[in-house]
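Just below is one structure, and these are the notes that go with it.
The first residue in the sequence is number 1, and the count goes up from there. Because the structure is a prediction, the values reported are computed rather than measured.
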Amino acid sequence: MLQGIIFDMDGTLTKPKVDFAAVERDIGAKVGFILDYAEQSSPEERARAMGILERFEEQAAMESELNEGVTEMLEFLQKKQLITALLTRNSRKSVDTVLKKHNLHFEFIVSRDDAKPKPDPDPIFLLSKMMNIHTDHLLMVGDYKYDIMCGKAAGTRTVLLRYKEYVETEVIPDFEIDCIKDIVHIIEHFEKAKLNTHGKTNF
């Protein structure tokens, strides 16, 4: 039985905004994933790289736009009494900026300031404890393979929000959607499964 849904932020609830190519230019190197680069760097270089990343993140947060259907989808989940949480590799500061700008509220939030970043499963285990819901009854929703890897490692069902320029082949999600409001149809699948007395519904 589905009891809670965990959402990624950038690219899932909001349109992707951070210009990572510009972040790399400011850092002065082709570094790939900034958080991984910072973790492997000296304390001085880590501080410099994270400072650059946080500057771009905050700018993106201030300019953020919600994906189409986010507000209606969250209202639907509230009516269904499903608990929602936010899990992001962003800083808590940028999260607060986005939530305040768009008048969104999540009772449970885990950012990179609170736990190891995705794809490590630790942040979902932390949210599971905070929400008092076993991971078997949680759904992880994101737009990148790290979201799916994180969810699968923690034991949740997973949903990939697809973008035309990004097709996931490395790890297979349980569900794929083209628009965030299609979460409604996934909830309906779970409701039908709950009514199936034989418990044999496949997803």
Side-chain angles (χ1 to χ4, degrees), residues 1-14 16 18 32-36 38-39 50 53 57 61 66-67 70 73-74 76-78 80-96 98-99 104-163 166 168-177 180-187 189-191 193-194 202-203:
M1 185 175 69
L2 183 65
Q3 297 177 13
I5 304 182
I6 302 171
F7 290 96
D8 168 56
M9 188 175 75
D10 281 358
T12 302
L13 297 180
T14 61
V18 178
F33 292 106
I34 313 299
L35 296 184
D36 297 341
E39 186 66 28
M50 292 304 294
L53 175 61
E57 277 184 348
L66 289 181
N67 273 328
V70 166
M73 179 270 299
L74 290 175
F76 172 83
L77 298 182
Q78 187 175 26
K80 291 292 183 179
Q81 297 184 318
L82 287 166
I83 300 173
T84 56
L86 191 64
L87 171 55
T88 176
R89 283 165 60 96
N90 284 52
S91 69
R92 186 58 180 261
K93 182 180 179 182
S94 65
V95 171
D96 291 342
V98 169
L99 297 185
L104 299 179
H105 174 74
F106 290 89
E107 186 175 354
F108 305 100
I109 299 170
V110 169
S111 72
R112 66 165 178 261
D113 300 323
D114 306 305
K116 293 178 181 178
K118 297 173 289 187
D120 194 289
D122 278 3
I124 287 186
F125 290 137
L126 176 58
L127 277 171
S128 173
K129 186 175 180 180
M130 293 165 66
M131 299 165 78
N132 195 29
I133 300 174
H134 193 280
T135 57
D136 287 348
H137 305 300
L138 290 172
L139 190 68
M140 176 68 215
V141 183
D143 67 311
Y144 187 62
K145 66 179 180 180
Y146 278 7
D147 302 301
I148 308 307
M149 292 165 69
C150 178
K152 285 189 171 294
T156 74
R157 296 292 181 91
T158 56
V159 180
L160 177 70
L161 173 61
R162 293 180 301 218
Y163 285 90
Y166 176 73
E168 182 52 62
T169 58
E170 187 176 341
V171 60
I172 306 302
D174 296 289
F175 303 93
E176 294 186 9
I177 57 177
I180 194 65
K181 63 184 178 183
D182 288 340
I183 288 291
V184 170
H185 303 308
I186 294 175
I187 303 309
H189 273 296
F190 277 99
E191 289 177 337
K194 185 179 177 182
N202 294 319
F203 294 99

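Between the side chain of Asn67 and the backbone N or O of Thr12, at least one donor-acceptor pair lies under 3.5 Å. The backbone N or O of Pro173 lies less than 3.5 Å from no partner atom in the side chain of Thr158, so there is not a single donor-acceptor pair. Using a distance-only test at 3.5 Å, with no hydrogens or angles considered, a donor-acceptor pair links the side chain of Asp114 to the main chain of Ser111. Of the possible polar contacts, one joining the Thr135 side chain to the Ala154 backbone as a donor-acceptor pair under 3.5 Å is found. Checking side-chain atoms of Thr14 against main-chain N and O of Leu66 turns up no donor-acceptor pair under 3.5 Å.
For the pair Phe7/Met73, a side-chain contact is recorded, criterion being any heavy-atom separation below 4.5 Å from C-beta on. The side-chain heavy atoms of Glu176 and Glu168, taken from C-beta on, include no pair separated by under 4.5 Å. Contact annotation: the side chain of Leu13 approaches that of Leu86 to within less than 4.5 Å [non-hydrogen atoms, C-beta and beyond].
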Atom pairs and distances, side-chain donor-acceptor, residues 116-124, under 3.5 Å, sequence neighbours left out:
unit_1, atom_1, unit_2, atom_2, d
Lys118, NZ, Asp8, OD1, 2.9
Lys118, NZ, Leu87, O, 3.2
Lys118, NZ, Asp147, OD1, 2.6
Asp120, OD1, Asp122, N, 2.8

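In this structure, Arg157 CZ and Ile186 CD1 are separated by 11.0 Å, a value rounded to the nearest 0.5 Å. The NZ atom of Lys129 lies 14.0 Å from the NE2 atom of His134; values are rounded to the nearest 0.5 Å. Taking CD1 of Ile83 as the start and CG of Leu77 as the end, the distance is 11.5 Å to the nearest 0.5 Å. Interatomic distance, CD1 of Ile5 versus OG1 of Thr84, reported as 8.0 Å (0.5 Å rounding). Between atom CD1 of residue Ile6 and atom CZ of residue Phe106 there is a gap of 11.0 Å, rounded to the nearest 0.5 Å. Atom CZ of Arg112 sits about 9.0 Å away from atom CZ of Arg89, to the nearest 0.5 Å.
What you find for His137 and Met1 is that their closest heavy atoms are ND1-O, 2.8 Å. For the pair Thr156 and Met140, the tightest heavy-atom approach, listed with the atom from each and the gap, is OG1-CB, 3.5 Å. Taking both residues in full, the closest heavy atoms of Leu82 and Gly4 are given as CD2-N, 4.3 Å, listed atom of the first, atom of the second, then distance. Residue Met130 comes nearest to Val110 through the heavy atom pair SD-CG2, 4.0 Å, listed as atom of the first residue, atom of the second, then distance. Closest heavy-atom contact between Tyr163 and Pro16: OH-CD, 3.7 Å.
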As a quick check of understanding, evaluate side chain to side chain contact (heavy atoms under 4.5 Å, CB included) for Ile180 and Val141, giving each step before the final call. CA-CA 9 Å; Ile180 194 65; Val141 183; 4.1 Å; yes
Evaluate the criterion side chain to side chain contact (heavy atoms under 4.5 Å, CB included) for residue pair Asp174 and Lys152; output intermediate values, then yes/no. CA-CA 9 Å; Asp174 296 289; Lys152 285 189 171 294; 3.9 Å; yes
